[in-house]
Amino acid sequence: MTSYVFITGGVVSSLGKGITSACLGAILEARGLTISMIKLDPYINVDPGTMSPFQHGEVFVTEDGTETDLDLGHYERFVRTAKGGRHSNYTTGRIYESVIAKERRGDYLGATVQVIPHITDEIKEGVQKGAGDADICLVEIGGTVGDIESLPFLEAIRQMGIELGHDRVVYVHLTLVPHLSTSSEIKTKPTQHSVKELRSIGIQPDILVCRSEKPLPAEERRKIALFTNVQEKAVISAWDANDIYEIPSMMHEQGLDEIVTRQLGLDLPAADLHEWQAIVDANQNPTGEVNIAMVGKYMGLKDSYISLIEALQHGGIHNRTRVNISYIESREIEERGADCLKGMDGIVVPGGFGDRGIEGKIEAVRFARENGVPYLGICLGMQVAVIEAARNLAGLDGAMSTEFDSATPHPVVALITEWRDRTGDTEERSEASEMGGTMRLGAQAVTLQEGSLAARSYGSTRIRERHRHRYEVNNNYREQLSAAGVKFSGLSVDDLVEMIEIPDHPFFLASQFHPEFTSNPRDGHPLFKSFIHAVRKHNEGELPEVAQA
Ligand code: GLN
């Protein structure tokens, strides 16, 4: 029987509710429990797939190919048993879409369809599906208490508390406790008000997690407890950490996992946090450092690439190497040339959509290839590597992806429908046309060429990785590109290009899939571990072992 922990937020947004939820999942998992995690998002979009990364940060893709909120990435990075999927992220839009479809089908038998009970029932049903058979399901409610949009979600979790009882439901509320520098005072009033707001809709929090700059003094803790009707020991202080991987220990030391498990009547062994401590130790005591240039489009907003940034850091943790990332707008390379890449130890081109800055990315690849700088290309980062090789190694002038130039003389990257058309197979064409423009999403099997840099990095020739893209390398150009020196070292079961590399280079590897979605700090990810290792060795003047065939 699954128990539930609901996490709401108050005072302001961007308090790190996702990370806090993930860390709570981590310390409960460390007590031997299985955990599932759900994010409820109050916005009207049906899923985050079409939302601008500028506004909303990265779209995280789960194993089953669901495009979700980036918080699901935090969950998977912190909690091994929490595997996100279709039922792990619900938006208001998705809930309404489903209720309206039921109404159209006549499922409600003519009843007046209302927020309570129809919308709230739909939310509860969704939560139960997402919970699966985990011991504890953590449900994070996006937005801030008091927002109009979040009301139906709060009402649904209030009802669940009544239906399941106090020993199966825990409410955690995250607030901000600001420090006023002018008067050098810590202010608890916003927290008091936020809890009041929550109580006015019928939810009494069991635990408060108070975000603040510095640890909360005992006196403030007492005051908050008194005014919010929460036990003093359940007022947890979450101060600004230097390293997010310190947070599980910070919470555990204040007894957070014990408070939750006690309320749920669970008698469990002590939390084993040695893996988290090892990560913090590796971060604090690196034996070297590397400078990586990340060349992309949304460099002002790190949340757009959060999984990739994390995965590079995980690669650093597993090589005891500090990874410094310089975020370079590809436009800048177009305007001022690739000089800004000089002195960088490694170059990464991440995934992306749209043609802004595309030539700058191609230029960054050329710089990496010609100067022997380790290169890792992800998704679009592989496509630009193919374009660069086509133009500068295979002499295919004007080679491009049809995403950016539909009239290119050499569509080396194109929609399947576009390049399969050229085979003249009309039956296939019509079927493929139906599929034209659909996104390849989720985990698929990839076969790696024996002995390739890819296979040596993974230590295997059979892998599964997640995808999120529309365009594919045009197989009609494979022969020409191979002859020019591109090695197609990874292929899908349906013969699509998944990985390429350029031999005779210290490390030049790119993937059509997104390995960053499956990296976590405790295990790292083979590709990022291998890349950072190569960068470090290359930096120290040695040829990386992984590059020695
Ligand atoms: N825009 C490219 C495509 O759709 C790459 C997508 C990506 O990098 N995620 O194929």
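Atom set for the values below is all heavy atoms of this structure, side chains included, hydrogens, waters and symmetry mates excluded. In this text, all values refer to a predicted model and were calculated from it rather than measured experimentally. Both counts, for ligands and for their atoms, begin at 1 and track the order of listing.
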Among protein heavy atoms, which lies nearest [atom], and at what distance?
{"atom": "atom 7 (C) of ligand 1", "result": "Cys379 SG, 3.0 Å"}
{"atom": "atom 10 (O) of ligand 1", "result": "Tyr471 N, 2.7 Å"}
{"atom": "atom 2 (C) of ligand 1", "result": "Glu403 OE1, 3.2 Å"}
{"atom": "atom 4 (O) of ligand 1", "result": "Arg470 N, 2.9 Å"}

Self-check item: Best match, Ala414, Gly352, Ser401, Gly351: closest heavy atom to atom 6 (C) of ligand 1
Solution: Gly352
Quiz prompt | Nearest option to atom 9 (N) of ligand 1, as decided by whichever heavy atom of His469, His467, Met439, Arg468 sits closest | solution = Arg468
Quiz item: For Leu380 and ligand 1, does the shortest N/O to N/O distance drop below 3.5 Å?
Solution: yes
Quiz item: Out of curiosity, Asp64 CG to Arg86 CZ, how far, rounded to the nearest 0.5 Å?
Solution: 7.0 Å
Quiz item: What's the spacing between His538 NE2 and Asp345 CG if we round to 0.5 Å?
Solution: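 Result: 9.0 Å between the selected atoms.
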Exercise. Return yes if a side-chain donor-acceptor contact under 3.5 Å exists between Thr447 and Arg462, otherwise no.
Key: yes
Practice problem: For the pair Arg468 and Glu58, find out whether any cationic side-chain nitrogen is under 4.0 Å from an anionic carboxylate oxygen. | Solution: no
Quiz item: In terms of side-chain geometry, is the basic nitrogen of Arg391 or Glu359 positioned less than 4.0 Å from the acidic oxygen of its partner?
Solution: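 Between Glu359 and Arg391 there is a salt bridge, with a charged N closer than 4.0 Å to a carboxylate O.
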Quiz item: Does atom CG of Asp504 have more than 12 heavy-atom neighbours from other groups under 6.0 Å away?
Solution: no
Quiz item: Considering residues, nucleotides and ligands other than Arg322, do more than 12 of their heavy atoms fall under 6.0 Å from its CZ?
Solution: no
Quiz prompt | 4.0 Å heavy-atom contact, Gln512 with ligand 1 | solution = no
Quiz item: Does Gln383 come within less than 4.0 angstrom of ligand 1, counting non-hydrogen atoms of the residue?
Solution: yes
Quiz item: Should you measure from each heavy atom of His514, which atoms of ligand 1 turn up under 4.0 Å away?
Solution: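 Close to His514: 9 (N).
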